[in-house]
Peer 1: 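Take a look at this one; I'll ask things after.
These values consider heavy atoms only, across backbone and side chains, with no hydrogens, waters or symmetry-generated copies.
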Amino acid sequence: CELMLACEGRIVVSGIGMLVGLFVMLMVTKLVYLALDSRKPVTKADPNASQQTKAADLAMLTAIEQRIDAEFKGSPDQLLQLRVTVGNAYRERGQHADARRVYRRAIGEAESALPANHLGLLKARVARAAFGTADDEALQSIDTTIELLRQSGPAGIELLIDALLARVGS
């Protein structure tokens, strides 16, 4: 009887840990989504407002990165998705150095935990190589990424097109 309770307790604790990780991931995703999609169109150009908005966005993205580092307890796949989302947010705000840094970290962490043909990992590699001034390491890995995407079948077609465009643009 005591053994059954101990096993059930571990299952409950494990389940709670998974729920907390999922909750943190959803909250971070929501914050990034709100930052990207809740902007109202600018009807009059106001350089001061634009600079304030950009500064607030960058501060929020920095805070999101810190929360991911401190609180995220989900799977490597979920962590990769979060980091790529943050990298995309930096990129959309013209912060290419920060985007590259986040993509590089996402790829480095995911390579040790996910298979080389994982579509999320390949997506991160394509995003990193898609800059007009991509670094040498990103450009070298794009050929391998393209080959893996060619083998991935229909699930990787759209990403393969992005990878080929990144290769041509570099």
Peer 1: Please tell me if the side chains of Gln81 and Lys123 come closer than 4.5 Å, counting only heavy atoms from C-beta onward.
Peer 2: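 Side chain of Gln81 against side chain of Lys123, heavy atoms only: no contact under 4.5 Å found.
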Peer 1: Please name the residue in the list Ile157, Leu159, Leu164 that meets the side chain to side chain contact (heavy atoms under 4.5 Å, CB included) test with Ile161.
Peer 2: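 Going through the options one by one, the only one that passes is Ile157.
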Peer 1: Can you tell me how far the CG atom of Leu160 sits from the CG atom of Leu122, to the nearest 0.5 Å?
Peer 2: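 Spacing of CG (Leu160) from CG (Leu122) equals 10.0 Å.
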Peer 1: Give, for atom CG of Leu58 and atom OG1 of Thr62, the distance between the pair rounded to the nearest 0.5 Å.
Peer 2: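 These two atoms lie 6.5 Å from each other.
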Peer 1: Between the main-chain N or O of Ile68 and the side-chain N or O of Glu71, is there a donor-acceptor pair closer than 3.5 Å?
Peer 2: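 Checking the backbone N and O of Ile68 against the side chain of Glu71, no donor-acceptor pair under 3.5 Å is found.
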Peer 1: Please report the closest heavy-atom contact between Ala166 and Ala129, naming both atoms and the distance.
Peer 2: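 Looking at all heavy atoms of both residues, the closest pair is CB-O, 3.9 Å.
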Peer 1: Go through the structure and list residues passing side-chain contact (heavy atoms from CB on, under 4.5 Å) with Glu158, not counting sequence neighbours.
Peer 2: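 Result, side-chain contact (heavy atoms from CB on, under 4.5 Å) vs Glu158: none returned.
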Peer 1: Partners of Asp162 by salt bridge (charged side-chain N to carboxylate O under 4.0 Å, His left out), sequence neighbours excluded?
Peer 2: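 Asp162 satisfies salt bridge (charged side-chain N to carboxylate O under 4.0 Å, His left out) with no residue once adjacent residues are dropped.
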Peer 1: Find the distance between CD (Glu147) and CG (Asn117) and round it off to the nearest 0.5 Å.
Peer 2: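 If we round to the nearest 0.5 Å, Glu147:CD and Asn117:CG are 12.0 Å apart.
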Peer 1: List in chain and number order the residues that pass salt bridge (charged side-chain N to carboxylate O under 4.0 Å, His left out) with Glu109, two or more places apart in sequence or in another chain; answer none if no residue qualifies.
Peer 2: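 In terms of salt bridge (charged side-chain N to carboxylate O under 4.0 Å, His left out), with neighbours along the sequence ignored, Glu109 is linked to Arg83, Arg105.
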Peer 1: How far apart are the C-alpha atoms of Arg67 and Phe72, what are their side-chain angles, what is the distance that settles it, and do they pass the side chain to side chain contact (heavy atoms under 4.5 Å, CB included) test?
Peer 2: CA-CA 7 Å; Arg67 286 195 68 187; Phe72 185 73; over 6 Å; no
Peer 1: Starting from the C-alpha separation in whole Å, work towards a yes-or-no answer on side chain to side chain contact (heavy atoms under 4.5 Å, CB included) for Arg101 and Tyr90.
Peer 2: CA-CA 10 Å; Arg101 174 184 52 80; Tyr90 275 122; 3.9 Å; yes
Peer 1: Distance only, no hydrogens: is a donor on one side chain within 3.5 Å (strictly under) of an acceptor on the other, for Asn88 and Glu92?
Peer 2: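 Distance-only check fails for Asn88 and Glu92.
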Peer 1: Kindly say whether Thr144 contributes a backbone atom to a donor-acceptor pair with the side chain of Arg125 at under 3.5 angstrom?
Peer 2: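 Such a contact is absent between Arg125 side chain and Thr144 backbone.
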Peer 1: If I take atom CZ from residue Arg104 and atom CZ from residue Arg128, how far apart are they, to the nearest 0.5 angstrom?
Peer 2: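 Between atom CZ of Arg104 and atom CZ of Arg128 there are 5.0 Å.
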Peer 1: Is there a side-chain contact between Arg93 and Leu61 in this structure, where contact means two heavy atoms from C-beta onward sitting under 4.5 Å apart?
Peer 2: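 They are in contact (side-chain heavy atoms under 4.5 Å apart), so the answer is yes.
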Peer 1: Looking only at heavy atoms, what is the nearest atom pair of Gly120 and Leu80, with distance?
Peer 2: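 Here Gly120 and Leu80 meet closest at C-CD2, 3.3 Å.
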Peer 1: If you compare all heavy atoms of Ala163 against all heavy atoms of Val126, which two are closest, and at what distance to 0.1 Å?
Peer 2: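 Heavy-atom minimum between the residues: CB-CG2, 3.6 Å.
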Peer 1: Just verifying a value: how many Å separate Ile107 CD1 and Ser112 OG, rounded to the nearest 0.5 Å?
Peer 2: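 Rounded to the nearest 0.5 Å, the CD1-OG separation comes to 12.5 Å.
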Peer 1: Could you tell me which non-hydrogen atom of Ala99 sits nearest to which non-hydrogen atom of Gly87, and how far apart they are?
Peer 2: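 Ala99 and Gly87 have their closest heavy atoms at CB-O, 3.4 Å.
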Peer 1: With side chain to side chain contact (heavy atoms under 4.5 Å, CB included) as the test, would you mind laying out the steps for Leu149 and Leu119 before giving the verdict?
Peer 2: CA-CA 8 Å; Leu149 285 166; Leu119 283 178; 3.9 Å; yes
Peer 1: Starting at CG of Leu114, measure out to OG of Ser75 and round the result to the nearest 0.5 Å.
Peer 2: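 The OG atom of Ser75 is 8.0 Å from CG of Leu114, to the nearest 0.5 Å.
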Peer 1: Report yes or no: does Ser152 contribute a side-chain atom to a donor-acceptor pair with the main-chain N or O of Ala155 at less than 3.5 Å?
Peer 2: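 The answer is no, because no donor-acceptor pair under 3.5 Å joins these two groups.
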